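Worth saying up front: this structure is predicted, and the values here are computed from it rather than measured. Just so you know, residue 1 is the first one in the sequence shown, and it goes up from there. Counting starts at 1 for both ligands and their atoms, following the listed order.
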Amino acid sequence: MNKATAVTLTVVLGLVAISVPIAIAIHLAWKQAFNQEMELASSIAQDILRRNHASLDQVRAVFHELAAAQASDPCSDENRRLMAKLDLGSEHVQAIGYIKDNVLRCSSFGRHKTVVSAPAYETSYGAEIRLALEFPLLPGKKFLVVTDKATGYTAAVHPNLPIDVFAEDPDISVGLFSVPSGRLILGRGNFQQQWMGHLGDAEQAQFSDTQSLVAIQRSSRYAFAAFASVPTAKVYQGLVQAALVLVPIGVAAGVALGFAVRYLAMQQLALPAMLKVALRRHEFFLNYQPIVDLQTGKWVGAEALIRWRRPNGELVRPDLFIAVAEEAGLIQRVTQRVMTILGSEAGELFERYPDFHIAVNLSAADLESQATIEGLRCLARETAARHGNLLIEATERGLMRAEVVKEILGEIRSMGVQTAIDDFGTGYSSLSYLESFEFDYLKIDKSFVDTLGKDAATSQVVPHIIEMAKSLKLEMIAEGVETEAQAQFLRERGVQFAQGWLFAKPMSFEQLIAGLSASGASQECALQNGGMRGDAPEVARA
Ligand code: G
Ligand code: G
Ligand code: MN
């Protein structure tokens, strides 16, 4: 991936990271507002239905009582008194009368001869419906009039009463229509004929179009259905309110995500570039971790471990940047840097301790390159190193191109530099494969040493590795030794050397020198007394 692609990708990812949570927040807000308005419409429709059921139930009760009286003349004084009584007794019924041949003959208000309009329609249960009829003695008031077709008895209902819900909100339209004709019986506000199509045979329907959210509820007892509709604009008002809460959360999440993406991308993008700068500005230094003789407890050597301190003081772990340097093709420059630092430090060490050795870690690219030989030759010259003063560590991963590596390793050994196979057991190489390389030391990986003294099945591996090393005539260095029990186990099985926190942690060059000069016979005492502990360069504790 080139830089331009990487930057574009980062920007796109960043934008996605910011916009996706916001889009989700807005979508959720919209859905919430929509559901809220739809629920409102649905509950209004049900309320209207309930009110109409109450009205019609009362109307039917009136018709039932009048029929039961079996008056020979429906307009007799006695029957009209009954009408007046029933009228008073029912809350929804405003007037009761008798219609024959489209003439209102009498009512609870008296005798009439008022011609009325023909019924608007007939219901399936034998009622004639007249909409907006004026009653004598109640001028100016329009009623919904229901006539029992069989008897002619008639009841007037105030048409607004059943739809008198949410009357203060002019945006909400409500009403009642007959099923299946679809004729509007009562209504307020906007009503569209095609809405009824949505109901079909269902009990209820909820749907929306560009202008309205509509809920329809069918009566379970009568041939009508109630509807309520809320303008879509209300959803947007609700959306704005919900968005005021949700969008800031989405923005916050988006910004956090955006920063995370940027941070990760910066790390990925910038590390190789930062490594180059670090190489130029000498931001690397070395730590040394002593390697001890398990029999005598003496420090016989040390592994050079690279450290990177950024100008802001931050220490970057080698596990992180070594892999990046390998990928970015910078590892040879890093190794070169290690050798340069060693060149300035190790000379003094070898002069004072001629038997001491320093181990340098090499990566695959180093093991395949002639330049490494040159580097080691310079280092040997600069530090006046003798045979055995310098040691290189190669991981199994570094041995892929076996033929090339064998040649380089051969030249390295011919210079008097010793070789170790590092992290042994963590790769896939077989014993016979390793046999074909010439190594002097085998480093038993910390992960195996860790299992010693535990009941883990892998604790059985260490004795095998030891046997292998013996059969290959390799000396052994155990890594990551943290307890005296581990040291004892290794010592008893003939492991010669060890490295680990039990003896010493990685330390600066000055600490290494200080530790070495404090050493001597006292180290043996320390070992007999349970070994030297911790990160102390001061060696003797006895
Ligand atoms: O001690 P430390 O945590 O720094 O070691 C982490 C890893 O980095 C170890 O596996 C070690 O082998 C590796 N490492 C340390 N210094 C170097 C170096 O100079 N070159 C290479 N290739 N690897 C190194
Ligand atoms: O190069 P190599 O993979 O061997 O690197 C050794 C790593 O192990 C370094 O990171 C070093 O700091 C770490 N190390 C060395 N000794 C001990 C030890 O006793 N305990 C633990 N936990 N880590 C250790
Ligand atoms: Mn190592």
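Residues passing the side-chain contact (heavy atoms from CB on, under 4.5 Å) test with Asp47, sequence neighbours excluded: Arg50, Arg51, Val165. Partners of Glu438 according to the salt bridge (charged side-chain N to carboxylate O under 4.0 Å, His left out) rule, which considers only residues two or more places apart in sequence or in another chain, are Arg413.
Because its NZ or CZ atom is not both nearer than 6.0 Å to the ring centre of Phe350 and within 45° of the ring axis, Arg352 does not count as a cation-pi partner of that residue.
A 4.5 Å side-chain heavy-atom check between Leu452 and Leu490 finds at least one atom pair inside the cut-off.
Those atoms of ligand 2 that come under 4.0 Å of a heavy atom in Gly500, given as number and element, are 16 (N), 19 (O). Near Gly480, with a cut-off below 4.0 Å to any heavy atom, the atoms of ligand 2 are 16 (N), 17 (C), 18 (C), 19 (O).
Tested against Asp423, the residues Glu479, Lys443, Glu396 include a single side-chain contact (heavy atoms from CB on, under 4.5 Å) partner, Glu479.
Excluding waters, the set of protein N/O/S atoms under 2.8 Å from the Mn ion (ligand 3) reads Glu303 OE2, Asn361 OD1, Glu393 OE1, Asp422 OD2.
Glu482 and Gln486 get closest at one heavy-atom pair: N-OE1, 2.8 Å. Closest approach of Ala328 and Pro272 over heavy atoms only: CB-CB, 3.9 Å.
Between Trp501 and ligand 2, a contact under 3.5 Å exists for at least one N or O pair.
Dense packing is recorded around CG of Asp319, with more than 12 heavy atoms of other residues, nucleotides or ligands lying under 6.0 Å away.
Protein neighbours of ligand 1 below 4.0 Å, counting non-hydrogen atoms: Leu305, Ile306, Arg307, Pro318, Asp319, Ile322, Val338, Asn361, Ser363.
Taking the six-membered ring where the residue is Trp, the centroids of Phe227 and Trp195 are separated by under 6.0 Å. For Phe356 and Tyr288, the distance between ring centers is not under 6.0 angstrom.
Under 3.5 Å, the side chains of Glu203 and Gln217 contain no donor-acceptor pair of N or O atoms.
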